[in-house]
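Here's the structure we're looking at; comments come further down.
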Amino acid sequence: DDKMNEFLRGQLSGDLQEVPGIGPAAKKKLGQGDADGDIITNTFQFVGKFLMLKGPDDGDEKVGTREHMEKFWYWLQEKGISSHRSGIVRCIAEKMNAMMPGIYDASEYADDDDDSDDE
């Protein structure tokens with residue numbers, strides 16, 4: 001997908017809609033919340049939320065790739081994002097893995113091309 005490749009190779013501008021799968025409706029939903037830490041208004045905060053969900057570690061128990069991706073997917077669901085969740089998760093995971101190799105292992109995460117993410 002051209003938009004994903006462009007996103008993966010490009011610099012982050014801060015506009016949430018630069019993330020493939022995030023349009024005006026998703027951007028609005030991300031900007032709503034009851035607590036400051038739950039309100040996402042730019043790509044940098046979005047990446048920060050993704051990274052926060054990598055923990056907490058409990059001694060020798062570390063949050064692995066699959067658990068991390070699922071936590072982010074379910075957080076998006078809680079925010080009301082119903083379309084393209086799997087694609088959004090994959091885009092952010094691959095972008096972060098380019099910046100921090102090892103944070104995402106594609107072999108542990110099944111590629112889901114279902115755009116609707118119906119449960």
Distance, nearest 0.5 Å, that separates [atom1] of [X] from [atom2] of [Y]:
X     : Y      : atom1 : atom2 : value
Leu30 : Asp38  : CG    : CG    : 9.5 Å
Met69 : Asp105 : CE    : CG    : 9.5 Å
Ser82 : Lys29  : OG    : NZ    : 4.5 Å
Lys79 : Ile40  : NZ    : CD1   : 6.5 Å
Glu78 : Lys71  : CD    : NZ    : 11.5 Å

*asked:* Under 4.5 Å between side-chain heavy atoms, counting indirect links through other Ile/Leu/Val/Met/Phe/Trp/Tyr residues: same cluster for Ile39 and Ile81 or not?
replied: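 Different clusters: Ile39 never reaches Ile81 through Ile, Leu, Val, Met, Phe, Trp or Tyr contacts under 4.5 Å.
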_Path from Val89 to Met52 over hydrophobic side-chain contacts below 4.5 Å_ =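 No, it is not one cluster - the side chains of Val89 and Met52 are not joined through contacts under 4.5 Å.
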*All ring-ring contact (aromatic ring centres under 6.0 Å, His included) counterparts of Phe72, not counting sequence neighbours*: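 By the ring-ring contact (aromatic ring centres under 6.0 Å, His included) rule, Phe72 matches Phe46, Phe50, Trp75.
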*Give the C-alpha distance, both sets of side-chain angles, the deciding distance and a yes or no for side chain to side chain contact (heavy atoms under 4.5 Å, CB included) between Val47 and Met99.*
CA-CA 11 Å; Val47 165; Met99 299 169 103; 6.0 Å; no
_Listed partners of Lys27 passing side chain to side chain contact (heavy atoms under 4.5 Å, CB included), at least two apart_ =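 Lys27 satisfies side chain to side chain contact (heavy atoms under 4.5 Å, CB included) with Asp15, Leu16, Gln17, Ile22 only.
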*Sequence-distant partners of Asp57, side chain to side chain contact (heavy atoms under 4.5 Å, CB included), two or more places apart*: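 For Asp57, the residues satisfying side chain to side chain contact (heavy atoms under 4.5 Å, CB included) (neighbours in sequence not counted) are Lys62, Val63.
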Which heavy atom of [X] sits nearest a heavy atom of [Y], and at what distance?
X     : Y     : result
Trp73 : Ser86 : NE1-OG, 3.3 Å
Lys95 : Leu12 : CE-CD2, 3.9 Å
Phe7  : Pro20 : CG-CD, 3.6 Å
Thr65 : Lys54 : N-NZ, 4.4 Å

*Which residues satisfy the side-chain hydrogen bond (donor to acceptor under 3.5 Å, both in side chains) test with Glu94, sequence neighbours excluded?*
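Glu94 satisfies side-chain hydrogen bond (donor to acceptor under 3.5 Å, both in side chains) with Arg90 once adjacent residues are dropped.
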*Please list, chain by chain and in numerical order, all residues satisfying side-chain hydrogen bond (donor to acceptor under 3.5 Å, both in side chains) with Glu6, sequence neighbours excluded.*
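By the side-chain hydrogen bond (donor to acceptor under 3.5 Å, both in side chains) rule, Glu6 matches no residue at all.
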*Decide if atom CG of Asn5 counts as having more than 12 heavy atoms of other residues, nucleotides or ligands within a radius under 6.0 Å.*
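Yes, enclosed.
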*Hey, mind stepping through Tyr74 and Gln77 against side chain to side chain contact (heavy atoms under 4.5 Å, CB included) and telling me if it holds?*
CA-CA 5 Å; Tyr74 282 109; Gln77 183 182 44; 3.1 Å; yes
*How would you list all residue pairs meeting side-chain hydrogen bond (donor to acceptor under 3.5 Å, both in side chains) that involve residues 41-50, not counting sequence neighbours?*
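Found Glu18-Thr43, Thr41-Gln45.
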